[in-house]
Amino acid sequence: GLGVVFGYFSNDLQDSQRRAQESVQRFETVLEATYRLRFLGDAFFFQPDLQYIIRPGGTDRTSNAVVIGFQTGVNF
């Protein structure tokens, strides 16, 4: 499946971070693509997952990131 998640940090948090002269957290966005491959009916599956994270942690301090992972499972 495909998915998009958007998170926004509260104005109160942003105001307190400005007063403390810290990096201000504004928003973070994650784009995700995954697909479950089934084998032997539903007995075994392999599911790769790809994510692209825009503004990790909500600031510009960290570059956008690519995350690659997978999960597997066996049903008895």
Side-chain angles (χ1 to χ4, degrees):
L2 299 174
V4 176
V5 177
F6 176 82
Y8 179 79
F9 293 87
S10 74
N11 290 330
D12 290 339
L13 174 64
Q14 291 178 36
D15 290 344
S16 68
Q17 289 171 332
R18 279 187 203 92
R19 284 192 300 273
Q21 297 180 340
E22 297 176 357
S23 294
V24 176
Q25 294 174 288
R26 290 184 173 84
F27 66 89
E28 178 178 286
T29 304
V30 178
L31 309 173
E32 181 177 29
T34 186
Y35 186 77
R36 183 171 285 195
L37 303 163
R38 291 176 166 67
F39 301 96
L40 302 174
D42 286 336
F44 176 77
F45 72 87
F46 175 79
Q47 184 172 347
D49 186 78
L50 175 66
Q51 297 178 7
Y52 185 70
I53 304 172
I54 301 167
R55 294 178 58 98
T59 69
D60 289 330
R61 293 180 63 189
T62 304
S63 299
N64 294 346
V66 174
V67 178
I68 300 171
F70 68 91
Q71 63 178 331
T72 61
V74 177
N75 295 312
F76 295 100

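On a predicted model such as this, the values are computed, not experimentally measured, just so you know.
- The two residues Ser23 and Thr59 come nearest to each other via the heavy atoms CB-CG2, 3.9 Å.
- Closest non-hydrogen pair, Ser63 versus Pro56, comes out as O-CG, 3.4 Å.
- A donor-acceptor contact shorter than 3.5 Å links the side chain of Glu28 to the backbone of Gly57.
- Take Thr29 and apply the side-chain contact (heavy atoms from CB on, under 4.5 Å) test, not counting sequence neighbours, and it matches Val4, Phe6, Phe27, Leu31, Ile54.
- Contact detail for Leu2 and Ala33: the closest heavy-atom pair is CD2-CB, 3.6 Å.
- Looking at residues two or more places apart in sequence or on another chain, you find a salt bridge (Lys or Arg N to Asp or Glu O under 4.0 Å) between Asp42 and Arg38.
- Residue pairs that meet the salt bridge (charged side-chain N to carboxylate O under 4.0 Å, His left out) test with at least one member in residues 63-76, sequence neighbours left out, do not exist here.
- Linking Ile, Leu, Val, Met, Phe, Trp and Tyr residues whenever their side-chain heavy atoms come within less than 4.5 Å places Val30 and Val67 in a single cluster.
- A ring pair (Phe, Tyr, Trp, His ring centres under 6.0 Å) check over residues 43-72, counting only residues at least two apart or in different chains, returns the pairs Phe39-Phe44, Phe46-Phe70.
- Gln47 places no side-chain N or O within 3.5 Å of a backbone atom of Thr34 that could act as its donor or acceptor partner.
- In terms of the salt bridge (Lys or Arg N to Asp or Glu O under 4.0 Å) criterion, residue partners of Asp15 (sequence neighbours excluded) are, by chain and number, Arg18.
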Step by step, would you call Val5 with Glu32 a side chain to side chain contact (heavy atoms under 4.5 Å, CB included)?
-> CA-CA 8 Å; Val5 177; Glu32 181 177 29; 5.9 Å; no
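- Residue pairs meeting the salt bridge (charged side-chain N to carboxylate O under 4.0 Å, His left out) criterion with at least one member in residues 48-57, sequence neighbours excluded: Arg55-Asp60.
- Annotation: the span from Leu37 atom CG to Thr72 atom OG1 amounts to 12.0 Å, rounded to 0.5 Å.
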